[in-house]
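In what follows, a structure is listed as structure tokens, so that the remarks can point back to it.
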Amino acid sequence: MTSRVAAAIDAARAEGRGAFVAYLPIGYPDVATSIEAAVTLAENGADVLELGPPYSDPVMDGLVIQEATQQVLASGFRLRDMFPAIREITSRVDIPVVVMTYWNPVLQYGVDRYADDLLAAGGAGLITPDITPESAAEWIDASRRTGLDRIFLAAPTSSDERLDLVVENSTGFVYTVSTMGITGERAELDAAARTLVDRLRARGAENACVGIGISSADQVAGVLEYADGAIVGTALVKALRDGGLEQLAATARALTAGTSADAPAGTSSPGAEPAPHSQQGSPS
């Protein structure tokens, strides 16, 4: 089956640019607004939408995203509410929608049921930050059956053996963690991301998209010098929080400016502030 996510990245490449993968928590600040926010991102340059259902014990989320998802949980949002929201989004946009989810909710919902409901809602796949390929046999089987993309993570500390497993079992792209730590804006991206992408390519990865810490068009452009896509989350969540859909659209447009080969230097997304490096955690 053809990967819808890979097709979107290929389409961006054919236009001479890298892909912009845009993340938002589903249900934030409320379900209706989150649907409009996803559509806004698609209308303002996003090539792939990455939606995160709230989870009570996130290990990878920075403070901005944690605060947003905790608000969603407090509002009474449940996993079953996600699928109708995705169905509404996919009925209005023609870019792939993937879900960034911790693994326990998938297990509790039922792996096959989750895959079937996501497919029925028009979803394109899952990013699973806290499960490794050798522990994901049930999900790999379900994704092969449904044609959903399965996107595993690779970190700078990953061994060569781990990278081989990730490349072999990922479809769409490999989520390439830019730096050891939780999500959030950073003043400078670690050079380790470039080395990691090189290692992934040496092992046959067709698409590597870099995430964590990207918050400006300059950083998007820098990442796309060597990667196939740039993943942005915190800067978009902050824009939605602080300025609603209008600021979200402006931020998305500013970030999209960094995806072209001739992206101008010195352009940054509105409201970007670096997060301290002292917040530590590991996604793998």
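Here the structure is a predicted model, which means the values were calculated and not measured.
- Taking 4.0 Å as the cut-off between side-chain N and carboxylate O, K238 and E67 do not count as a salt-bridged pair.
- The main-chain N or O of W103 is found under 3.5 Å from a side-chain atom of D130 such that the two form a donor-acceptor pair.
- Contact check on D10 versus R13 returns a salt bridge, with a Lys/Arg side-chain nitrogen under 4.0 Å from an Asp/Glu carboxylate oxygen.
- To the nearest 0.5 Å, atom OG1 of residue T171 and atom CG of residue D149 are 3.5 Å apart.
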With side chain to side chain donor-acceptor pair (under 3.5 Å) as the test, would you mind laying out the steps for D198 and T195 before giving the verdict? CA-CA 5 Å; D198 287 344; T195 300; 5.5 Å; no
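- Counting only heavy atoms from C-beta outward, the side chains of V197 and D228 never approach each other to under 4.5 Å.
- Judged by distance alone, the side chain of T90 and the main-chain N or O of R87 form a donor-acceptor pair under 3.5 Å.
- The aromatic rings of Y109 and Y114 sit perpendicular to each other, their planes meeting at more than 60°, with 30° as the lower class boundary.
- Counting heavy-atom neighbours within 6.0 Å of E15 CD, excluding the residue itself, gives a total above 12.
- Between G125 and L148, the shortest heavy-atom distance links the atoms N-CD2, 3.8 Å.
- Looking at T33, its side chain never comes within 3.5 Å of a backbone N or O of P29 through a donor-acceptor pair.
- Proximity of a side-chain donor or acceptor of T256 to a complementary backbone N or O of N44 within less than 3.5 Å is detected.
- Here the closest non-hydrogen pair linking V223 and A230 is CG1-CB, 4.3 Å.
- For the residue pair E36 and T40, no side-chain donor N or O sits within less than 3.5 Å of a side-chain acceptor on the partner.
- Of all the heavy atoms in F20 and L236, the pair that sits closest is CZ-CD1, 4.2 Å.
- The closest side-chain donor-acceptor pair between N207 and R201, if any, does not fall under 3.5 angstrom.
- Taking the charged nitrogens against the carboxylate oxygens, E168 and R203 have no contact shorter than 4.0 Å, which rules out a salt bridge.
- In this structure, S158 contributes its side chain and A154 its backbone to no donor-acceptor pair below 3.5 Å.
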Derivation of the side chain to side chain donor-acceptor pair (under 3.5 Å) call for S75 and Q71: CA-CA 6 Å; S75 73; Q71 179 179 325; over 6 Å; no
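- Between V98 and L51 the shortest side-chain heavy-atom distance does not fall below 4.5 Å.
- Checked by atom type and distance alone, the side chain of T69 never pairs as donor or acceptor with a backbone atom of P54 at under 3.5 Å.
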Show your working on side-chain contact (heavy atoms from CB on, under 4.5 Å) between V21 and Y175 and close with a plain yes or no. CA-CA 11 Å; V21 182; Y175 191 119; over 6 Å; no
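- Between I95 and A46, the shortest heavy-atom distance links the atoms CD1-O, 3.4 Å.
- Formation of a donor-acceptor pair under 3.5 Å by the R150 side chain with backbone atoms of N169 is found in this model.
- Tracing side-chain contacts under 4.5 Å through hydrophobic residues (I, L, V, M, F, W, Y), one never reaches L165 starting from F152; they form parts of separate clusters.
- Among V210, L153, V166, the single residue meeting the side-chain contact (heavy atoms from CB on, under 4.5 Å) criterion with T176 is V210.
- Under a 4.0 Å N-O distance rule, the pair D47/R17 qualifies as a salt bridge.
- Between R145 and D112 there is a salt bridge, since a side-chain N of the basic residue sits under 4.0 Å from a carboxylate O of the acidic one.
- By the 6.0 Å contact criterion, CG on D160 is enclosed, its count of non-hydrogen atoms from other residues, nucleotides or ligands being greater than 12.
- At distances below 3.5 Å, not a single donor-acceptor pair connects side-chain atoms of D116 with backbone N or O atoms of R113.
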